[in-house]
Amino acid sequence: MLLEPDFYARGTLEVARDLLGKLLARDEVVLRITEVEAYRRHDSANHCRAGRTERNAPMWGPPGRAYVYLCYGIHHLLNLVTEPEGTGTAVLIRACEVVEGLDTVRARRRGLRGPALLTGPGKVGAALGVDTSWSHHPVWQPGGLMCHDAPPVEAVLSGPRVGVDYATAEDREAPWRLAIAGTPWVSQRRSLVPLESRHR
DNA sequence: ACAAGGATCCTCT
DNA sequence: GAGGATCCTTGTT
């Protein structure tokens, strides 16, 4: 079952948490989301921090659409747009595990095996075969790239986001990277702690 | 295990 | 003209 736009229209951190365990599908490839990062409003790490530009336009659009951008000139990073239209927020998909289409994924990932196959946002983009032309694509309607519902995950880890040194100290340290506990399909496990332990 | 550096190009200042 | 929400290879501990 496809997730409805309402799913994405909620707070970005909540959507990020709930996206863990959900399924990304394109053609014969199906991936289970294992690690994400939330990019929120008033967030100095967010591409939308300086307002609307041509690149970040998808993030200002309706929730439940893709925002794909080119990173370091090489990697295509997939985000899903959150919150009501005009907010400028999204969730970055950082890692997945393969559910179906292993042969296709391995072909797109130079024949690699194991977690090296999909632990990193550029790897997810490569595995799904998406590029910037997929920006604005609604993942809640049939066809192309889709996001399907799946049972919620039980235990979640959280930690600081990766590669955002340009942000303020507060935003750099904020634990807005989330991952499924107990899976090898996660990048940089060192800095992650159980989400529950953050509640005092 | 970990560190360093190159690849590569679009976007924004 | 600089730098980036990264990945891979190579070299060192």
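Throughout, a chain's letter reflects where its sequence line sits, starting with A, and its residues are numbered from 1.
For an aromatic pair to be called close, the ring centres must be under 6.0 Å apart, and A:Y69 with A:H76 fails this.
A salt bridge links A:R161 with A:D43: the closest approach of a Lys/Arg side-chain nitrogen to an acidic carboxylate oxygen falls below 4.0 angstrom. In summary, A:K22 and A:D149 engage in a salt bridge, as defined by a charged side-chain N under 4.0 Å from a carboxylate O. Using a 4.0 Å cut-off between a side-chain N of Lys or Arg and a carboxylate O of Asp or Glu, A:R10 and A:D18 qualify as a salt bridge.
With C:dA5, C:dC8, B:dT11 as the choices, the nucleotide that has an atom nearest any side-chain atom of A:H47 turns out to be C:dA5. In this structure, the nucleotide among C:dC8, B:dT13, C:dA5 sitting nearest to the side chain of A:K123 is C:dC8. For A:L70, taking side-chain heavy atoms from C-beta onward, the closest of the listed nucleotides B:dC10, C:dT9, C:dA5 is B:dC10.
Residues A:E35 and A:T119 bring no donor and acceptor atom of their side chains to less than 3.5 Å of each other.
Protein atom CG of A:N46 is 15 Å distant from nucleotide atom C1' of B:dC12, rounded to whole Å. Between the OH atom of A:Y67 and the P atom of B:dT11 there is a distance of 9 Å, rounded to whole Å. The interatomic distance linking A:H76 (NE2) with C:dA5 (P) rounds to 15 Å, in whole Å. Rounded to whole Å, atom P of C:dG4 lies 14 Å from atom CG of A:L77. The nearest whole Å value for the distance from the NE2 atom in A:H75 to the P atom in C:dC8 is 7 Å. At whole-Å resolution of the value, CD in A:E54 and C1' in B:dT13 are 16 Å apart. A straight line from CZ of A:R49 to P of C:dG3 spans 13 Å, rounded to a whole angstrom. One can place CG of A:L112 at 12 Å from C1' of C:dT9, the figure rounded to the nearest angstrom.
Counting non-hydrogen atoms under 4.0 angstrom, A:R109 reaches the backbone sugars and phosphates but no base. Using a 4.0 Å heavy-atom cutoff across all strands shown, A:I74 reaches at least one base atom of the nucleic acid.
Using a 5.5 Å limit on the distance between ring centres and a 30° limit on the angle between planes, the aromatic ring of A:Y39 counts as stacked on the six-membered base ring of C:dA5.
Using a 4.5 Å cut-off on side-chain heavy atoms (C-beta onward), A:L2 and A:Q141 make no contact.
Between A:G73 and A:N56, it is A:G73 whose nearest contact on DNA chain B lies nearer the 5' terminus.
Within residues 91-104 of chain A, the residues that place at least one heavy atom under 4.0 Å from DNA chain C are, in residue-number order, A:L92, A:R94.
When atom types are taken as modelled, the side chain of A:D27 and the backbone of A:V29 share no donor-acceptor pair closer than 3.5 angstrom.
Checking the phosphate oxygens (OP1, OP2) of C:dA5, a side-chain nitrogen or oxygen of A:Y166 falls inside 4.0 Å. Close to B:dC9, at under 4.0 Å from its OP1 or OP2, lies no side-chain N or O of A:R55.
Screening A:L178, A:T82, A:L13 for a side-chain contact (heavy atoms from CB on, under 4.5 Å) involving A:V91 leaves a single residue, A:T82.
Pairing of B:dT8, defined by two Watson-Crick or G-U wobble distances under 3.5 Å, is not identified with any nucleotide.
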